[in-house]
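In what follows, a structure is listed as structure tokens, so that the remarks can point back to it.
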Amino acid sequence: MFVDFDTLGPDARIWIYQSNRAFTDQELDAVSNQLRSFVEDWTRHGDDLKASFDIRYDHFIILAVDENFTQVSGCSIDASTHVFKNFEQQFQVELLNKLNTAFRNGDHINIVSLSDFQRFVQEDKIKPDTLVFNNMVQNKGQLENSWEVPANKSWHSRYFN
């Protein structure tokens, strides 16, 4: 069952899918339409999931489920992963590569490999106060408070020693 993303509470479970490039407006429309159709019919062993999604900065697709309503199962998570694999093929993007790292320069979102991120830190191109996207957050509350943070306040801090 699709619900408005803003109506989900801070404990709603989330998954963040980061694209290696910005989606075009046409692609965003297609992603939104396809994802809404998926979420409307998304179930756990026949029980509706109260779920939604949000797309931020043309790079990040955030899938959310209210597990106080119905808990997700391995099968329902697999079904959602299949949707994102299809997006990868359809739009020629990477969404499941967890080794890509995102940071921002002003309004520009940069997506680089983890090894490039480490190199940029060593070259002082990325500093401890550079805003990074901590895609390891697990719920909507963490998304709002701990997702876009200075590098020294996330798991990225290990590269500044």
- Closest heavy-atom pair, Ser154 versus Val149, reported as atoms and distance to 0.1 Å, is CB-CG2, 3.7 Å
- Item | Step-by-step side chain to side chain contact (heavy atoms under 4.5 Å, CB included) determination, Tyr159 to Thr101 | CA-CA 13 Å; Tyr159 301 117; Thr101 303; over 6 Å; no
- Task: Could you give me the CA-CA distance, side-chain angles and deciding distance for Phe60 and Trp147, then say whether ring pair (Phe, Tyr, Trp, His ring centres under 6.0 Å) is met?
- Result: CA-CA 11 Å; Phe60 304 94; Trp147 176 52; 5.0 Å; yes
- Task: Given side chain to side chain contact (heavy atoms under 4.5 Å, CB included), test Gln34 with Phe87 step by step and report yes or no.
- Result: CA-CA 9 Å; Gln34 292 175 44; Phe87 287 157; 3.3 Å; yes
- Message: Using 30° and 60° as the class boundaries, would you call the ring planes of Phe84 and Tyr17 parallel, tilted or perpendicular?
- Response: parallel
- Scanning both residues in full, the closest heavy-atom pair of His156 with Val132 reads ND1-CG2, 3.3 Å
- Query: So, the side chain of Trp42 versus the backbone of Ser76: is there a donor-acceptor pair under 3.5 Å, distance only?
  - Reply: yes
- Item | Closest heavy-atom pair and its distance - Phe5, Ser52 | N-OG, 3.1 Å
- Task: Quick one: closest heavy-atom pair of Ala64 and Ile14, and the distance?
- Result: CB-CG2, 3.8 Å
- Calculate, to the nearest 0.5 Å, the distance between atoms OG1 and CG belonging to Thr130 and Asn110 respectively. 9.5 Å
- Using the side chain to side chain contact (heavy atoms under 4.5 Å, CB included) rule, take Phe53 and Phe38 through it: C-alpha gap first, then chi angles, then the decisive distance, then the call. CA-CA 11 Å; Phe53 66 91; Phe38 169 75; over 6 Å; no
- Here the pair of heavy atoms bringing Leu63 nearest to Ser80 is CD2-CB, 3.6 Å
- Query: Between Asn68 and Asp11, is any side-chain donor less than 3.5 angstrom from a side-chain acceptor?
  - Reply: yes
- Message: Working note: Ser32 + Ile55, criterion side chain to side chain contact (heavy atoms under 4.5 Å, CB included); need CA distance, chi angles, decisive distance, verdict.
- Response: CA-CA 8 Å; Ser32 292; Ile55 301 173; 3.5 Å; yes
- Item | Within 6.0 angstrom of Asp25 CG, more than 12 heavy atoms from elsewhere | no
- Query: Should Glu27 and Arg21 count as an ion pair when the cut-off is N to O under 4.0 Å?
  - Reply: yes
- Task: Check the hydrophobic clustering (I, L, V, M, F, W, Y; side-chain heavy atoms under 4.5 Å; chains of links allowed) and say if Ile77 and Ile16 are grouped together.
- Result: no
- Item | Residue pair Glu94 / Asn100, side-chain donor-acceptor N/O under 3.5 Å | yes
- Residues in salt bridge (charged side-chain N to carboxylate O under 4.0 Å, His left out) with Lys127, at least two apart? Asp124
- Above 12 or not: heavy atoms from other molecules or residues under 6.0 Å from CD of Glu123? yes
- Indicate yes or no: does Glu144 engage Arg56 in a salt bridge with an N to O separation below 4.0 Å. yes
- Task: State, to 0.1 Å, how close Glu88 and Leu96 come at their nearest heavy-atom pair, and which atoms those are.
- Result: OE2-N, 3.0 Å
- Message: Test of understanding: clusters of I, L, V, M, F, W, Y form through side-chain heavy atoms closer than 4.5 Å, transitively. Do Val65 and Val83 belong to the same one?
- Response: yes
- Which of Phe103, Phe117, Tyr57 passes ring-ring contact (aromatic ring centres under 6.0 Å, His included) with Phe133? It is Tyr57
- Query: Does Asn33 reach the main-chain N or O of Asp29 with its side chain, forming a donor-acceptor pair under 3.5 Å?
  - Reply: yes
